[in-house]
Student: 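Below are the structure tokens for one structure; questions will follow.
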Amino acid sequence: MHTTSRTAACSCGQLSATVSGEPIRVSICHCLACQRRTGSVFGAQARFAAAQVAVQGSSTEYLRVGDEGSHARFRFCPHCGATVYYTIDEMPGDVAIPVGAFADPHFPPASISIYEARMHAWLGLPADISHID
């Protein structure tokens, strides 16, 4: 049986995360922190079991405390600044990777959209996406 393998990387290629298998879930987050972190109007991330992820390269960590008290540890390249992966203390055993870090337009689509109260009014979402707010 063939297992899917994908690699996410920073802009300069120094930091990467190779995943095996499909993501647990792919989500879109409209919170203001994700908007600031990505420089876009939402963050899109794929969650994997830690056992599915192999990281190569050095990273710098930024700890952000979320609106509801969660602790997200973002790992980014110390050279180019791109975030390649992050973990949430309250979700041990999972690793989240920004979908854009895969640079793959055929990556599986998001199935969940969260914090929609902060979603930009002009943004459209797929009809079959789940909504959590």
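The residues of the chain are indexed from 1 along the displayed sequence.
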Student: Of all the heavy-atom pairs spanning Ile97 and Ala101, show the shortest one and how long it is.
Tutor: CG2-CB, 4.4 Å

Student: Taking side chain as C-beta onward, heavy atoms only, is Leu125 less than 4.5 Å from Ile28?
Tutor: yes

Student: Got a donor-acceptor contact below 3.5 angstrom from the Thr83 side chain to the Tyr85 backbone?
Tutor: no

Student: Just so I know, are the side chains of Thr4 and Glu22 near enough to count as touching, which here means a heavy-atom distance under 4.5 Å?
Tutor: yes

Student: Looking only at heavy atoms, what is the nearest atom pair of Val53 and Ala17, with distance?
Tutor: CG1-CB, 4.1 Å

Student: Using modelled atom types and a 3.5 Å cut-off, is there a donor and acceptor pairing between side-chain atoms of Gln14 and backbone atoms of Ser58?
Tutor: yes

Student: Using a 3.5 Å distance criterion without hydrogens, assess whether the side chain of Gln52 forms a donor-acceptor pair with backbone atoms of Ser20.
Tutor: yes

Student: Would you give the length of the straight line joining atom NE2 of His30 to atom CD of Gln35, rounded to the nearest 0.5 angstrom?
Tutor: 8.5 Å

Student: Honestly curious: do Ile88 and Val65 fall in one hydrophobic cluster under the side-chain, below-4.5 Å linking rule?
Tutor: no

Student: Crowded around His120 NE2? As in, over 12 foreign heavy atoms under 6.0 Å?
Tutor: yes

Student: With rounding to the nearest 0.5 Å, note down the distance linking OG in Ser59 to CZ in Phe74.
Tutor: 13.0 Å

Student: Between Ser70 and Arg64, is there a side-chain donor-acceptor contact under 3.5 Å, judged purely by atom types and distance?
Tutor: no

Student: For the residue pair His131 / Glu116, report whether a side-chain donor-acceptor contact shorter than 3.5 Å exists.
Tutor: yes

Student: Minimum heavy-atom separation for Ala46 to Pro23, with atom names?
Tutor: CB-CB, 4.0 Å

Student: If you measure only the distance, is there a donor-acceptor pair under 3.5 Å linking the side chains of Thr18 and Gln56?
Tutor: no

Student: Are Trp122 and Ile129 connected in a single hydrophobic cluster, I mean Ile/Leu/Val/Met/Phe/Trp/Tyr linked by side-chain heavy atoms less than 4.5 Å apart?
Tutor: yes

Student: With side chains defined as the heavy atoms from C-beta onward, is the minimum distance between Cys10 and Ser16 less than 4.5 Å?
Tutor: no

Student: For the hydrophobic clusters of this structure (ILVMFWY residues joined by side-chain heavy atoms under 4.5 Å, transitively), does one cluster hold both Val55 and Phe102?
Tutor: yes

Student: Nearest 0.5 angstrom please: Arg73 CZ to Tyr62 OH, how far?
Tutor: 12.0 Å

Student: Evaluate the side-chain proximity of Pro98 to Gln45: yes if any heavy-atom separation is below 4.5 Å, no if none is.
Tutor: no

Student: How long is the span from the OH atom in Tyr115 to the OG atom in Ser27, to the nearest 0.5 Å?
Tutor: 11.5 Å

Student: Under a 4.5 Å cut-off applied to non-hydrogen side-chain atoms, are Thr87 and Arg75 in contact?
Tutor: yes

Student: Measuring only between side-chain heavy atoms, which start at C-beta, is Ile112 closer than 4.5 Å to Val26?
Tutor: no

Student: Measure from NZ or CZ of Arg6 to the centre of the six-membered ring of Phe107, then state whether that distance is under 6.0 Å and the direction lies within 45° of the axis.
Tutor: yes

Student: Going hydrophobic residue to hydrophobic residue with side-chain gaps under 4.5 angstrom, can you get from Leu15 over to Phe76?
Tutor: no

Student: When rounded to the nearest 0.5 angstrom, what distance separates SG in Cys29 from CZ in Arg37?
Tutor: 8.0 Å

Student: Nearest 0.5 Å please: distance from the SG atom of Cys34 over to the CD1 atom of Ile114.
Tutor: 7.0 Å

Student: Linking I/L/V/M/F/W/Y whenever any side-chain heavy atoms sit under 4.5 Å apart, do Val84 and Val19 land together?
Tutor: yes

Student: A side-chain contact here means heavy atoms from C-beta on lying under 4.5 Å apart; do Cys77 and Ser11 qualify?
Tutor: no

Student: Under the criterion side-chain contact (heavy atoms from CB on, under 4.5 Å), I'd like the reasoning laid out for Ile24 against Asp94: C-alpha separation, chi angles, the key distance, then a yes or no.
Tutor: CA-CA 9 Å; Ile24 296 167; Asp94 287 354; 3.9 Å; yes

Student: Which heavy atom in Cys12 sits nearest to a heavy atom in His79, and how many Å separate them?
Tutor: SG-CB, 4.1 Å

